[in-house]
Enquirer: 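Take this structure, written in structure tokens, and hold onto it; I'll ask about it next.
Throughout, a chain's letter reflects where its sequence line sits, starting with A, and its residues are numbered from 1.
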2 protein chains.
Amino acid sequence: LISLENITKIYRMGEVEIPALHGVTFHIDTGELVAIMGSSGSGKSTLLSILGCLDRPTSGRYLLDDQDVTMLSGDALARIRNRKIGFVFQNFNLLLARTSALENVELPLLYGSRLSNREKRDRAVSVLRRVGLEERLRHHPSQLSGGQQQRVAIARALVNRPALILADEPTGNLDTKSSREIMAIFKELNAEGITIAVVTHEEDIARYAQRVITLRDGEVV
Amino acid sequence: LISLENITKIYRMGEVEIPALHGVTFHIDTGELVAIMGSSGSGKSTLLSILGCLDRPTSGRYLLDDQDVTMLSGDALARIRNRKIGFVFQNFNLLLARTSALENVELPLLYGSRLSNREKRDRAVSVLRRVGLEERLRHHPSQLSGGQQQRVAIARALVNRPALILADEPTGNLDTKSSREIMAIFKELNAEGITIAVVTHEEDIARYAQRVITLRDGEVV
Ligand SMILES: Nc1ncnc2c1ncn2[C@@H]1O[C@H](COP(=O)(O)OP(=O)(O)OP(=O)(O)O)[C@@H](O)[C@H]1O
Ligand SMILES: Nc1ncnc2c1ncn2[C@@H]1O[C@H](COP(=O)(O)OP(=O)(O)OP(=O)(O)O)[C@@H](O)[C@H]1O
Ligand SMILES: [Mg+2]
Ligand SMILES: [Mg+2]
């Protein structure tokens, strides 16, 4: 499903160049559940944003479903993201602040989904129930605990039943029990054929994966 | 230093009441390092915001340095926060987005500090160095990794050398090595006499504390 070939990413801040990834090459097969680990600043979120078509590499090739996405326009990338990818951001503040948990989770369904409004609402409720938030549907993000906000972000990434889920520290704010519940959900989705890559710094979480990709200073070790 | 007596907190959302803390009573002695644990939604951040004078309890008393802070005005609470308390928020997005790491960390020093501008800058640089970010001083939060942003938030809480540090999941986004470095800093500060309460869901982090306070459904167990 995923093939990265010699991916580099250099951030530019005015005159200064910050190299973040140096020639990263690996593949992820359809239906795999992989963990991505590495120390703070090693390039994990940068790698995930490239995998998620949210950012372009400085050089190298990214084949997603045999299609070279590094060649695509912004619009084409947006379509791929909407149809194929569910993304859980490291910073769960990317929930919409003035909207309820329910409306935040319904959001990905609004674009081009063939479901009726009733079906969209039911699906959003059902995925929020799955992450244990059925009593918080009407709350806005500021009326939720950190871990509850993180679970809304997770639910939002799952609601479209994407072929690929990319999760950046999805359990960073969750206690042990909630973390296990989330990883159990990921394992169920993976058993249904969904490909999943989880960035995590916790060994206990990485243990759920079939394989661990480790980054150090922007390179796969 | 800290004495909580029968603290309750009920959030109100229109007609609905959400009880978050039910009669919490405990004390923290000056110079202690305590961990606060509990599952997602159990009331930890709510408790910490009351301890940090960022929010008022619905009922009960909070004595900080033998002063009943539940009786104080908003201005008086703000003065206490600035002088005595360093707060690391669970959501490290409360850094100012259009300001560099350095300026974010200098911020608490701007109010009523007797240091010269040069001394303020030096101290901010020194605490950023302590958390391993001396090569990221000019970066804005969006140009930093999640763990780097979290470390800026930690540095900002330390720069005023407060008597009390309250940290909400300070290592949630940090790898093992960075987490250990941060906890080593907290232990050093604690050895210097600073009282510290750390909310964490990780057993490894709680192990650094002398005592663990556990919350379940808004009560101390
Ligand atoms: N402003 C608010 N309005 C209504 N309910 C709220 C508000 N803030 C928090 N809550 C609710 O209060 C409860 C306690 O929240 P709190 O943030 O203290 O939990 P927590 O223990 O820090 O959880 P986590 O580990 O997930 O960060 C949660 O059930 C949450 O939904
Ligand atoms: N927009 C940017 N401009 C400049 N440098 C950046 C930018 N975004 C990230 N960086 C730098 O690139 C490096 C990699 O960042 P990245 O967010 O990928 O790390 P990470 O492995 O996710 O770290 P963490 O575990 O702390 O979340 C970091 O050193 C960071 O400072
Ligand atoms: Mg990251
Ligand atoms: Mg919390």
Side-chain angles (χ1 to χ4, degrees), chain A residues 11-16 18 20 37-46 48 89-95 97 100 131-133 135-136 138-151 168-169 171-182 199-204 214-216, chain B residues 11-16 18 20 37-46 48 89-95 97 100 131-133 135-136 138-151 168-169 171-182 199-204 214-216:
Chain A
Y11 290 109
R12 285 187 176 82
M13 290 168 52
E15 294 294 311
V16 181
I18 308 277
M37 301 190 79
S39 59
S40 179
S42 58
K44 306 179 297 296
S45 296
T46 300
L48 218 68
F89 290 89
Q90 180 170 15
N91 149 24
F92 46 81
N93 262 52
L94 299 178
L95 298 175
S100 70
V131 298
L133 291 178
E135 294 183 13
R136 294 285 183 268
R138 307 290 169 191
H139 288 230
H140 289 204
S142 62
Q143 297 166 327
L144 294 171
S145 76
Q148 290 167 346
Q149 290 178 41
Q150 196 161 27
R151 282 181 275 158
D168 202 344
E169 303 278 353
T171 63
N173 281 283
L174 297 179
D175 55 290
T176 307
K177 178 160 172 294
S178 307
S179 297
R180 282 192 201 136
E181 289 166 359
I182 291 301
V199 166
T200 181
H201 68 265
E202 294 186 59
E203 291 284 349
D204 291 347
T214 305
L215 284 184
R216 182 166 42 209
Chain B
Y11 289 109
R12 284 189 177 82
M13 290 166 54
E15 294 292 313
V16 182
I18 308 278
M37 300 189 81
S39 58
S40 179
S42 59
K44 305 180 296 297
S45 296
T46 301
L48 218 68
F89 289 89
Q90 180 169 15
N91 149 24
F92 46 80
N93 260 53
L94 300 178
L95 298 175
S100 69
V131 298
L133 290 179
E135 294 185 15
R136 293 287 182 270
R138 306 290 170 194
H139 287 231
H140 289 204
S142 62
Q143 297 166 328
L144 294 171
S145 78
Q148 290 166 348
Q149 290 178 40
Q150 196 162 29
R151 281 182 275 159
D168 202 343
E169 302 278 2
T171 64
N173 281 282
L174 298 179
D175 56 288
T176 308
K177 180 161 171 291
S178 307
S179 296
R180 283 193 201 133
E181 288 164 0
I182 292 301
V199 166
T200 182
H201 68 266
E202 294 185 61
E203 290 285 349
D204 292 347
T214 304
L215 283 183
R216 182 166 42 207

Enquirer: Please tell me if the side chains of B:I18 and A:E135 come closer than 4.5 Å, counting only heavy atoms from C-beta onward.
Expert: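 The answer is no; the side chains never approach within 4.5 Å.
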Enquirer: Tell me, for A:H140 versus chain B, whether the close heavy atoms (under 4.5 Å) come from the side chain, the backbone, both or neither.
Expert: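 Contact with chain B: none, neither part.
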Enquirer: Can you name the nearest heavy-atom pair linking A:Q148 to B:S40, along with the distance?
Expert: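 Answer, listing the atom of A:Q148 first, then B:S40: N-OG, 3.7 Å.
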Enquirer: Specify which of B:E169, B:E202, B:M13, B:K177 makes the most heavy-atom pairs with chain A at under 4.5 Å.
Expert: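 Answer, by heavy-atom pair count under 4.5 Å with chain A: B:M13.
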Enquirer: Heavy atoms, side chains only, cut-off 4.5 Å: are B:M37 and A:T176 in contact?
Expert: no
Enquirer: I'd like to know which of A:R136, A:Q143, A:R138 tops the heavy-atom pair count under 4.5 Å against chain B.
Expert: A:Q143
Enquirer: Measure B:T171 against the heavy atoms of chain A and call it side chain, backbone, both or neither at under 4.5 Å.
Expert: backbone
Enquirer: Tell me, side chain or backbone of B:S39 under 4.5 Å from chain A's heavy atoms, or both, or neither?
Expert: both
Enquirer: Nearest 0.5 Å, please: how far is CG in B:D175 from NZ in A:K44?
Expert: 6.5 Å
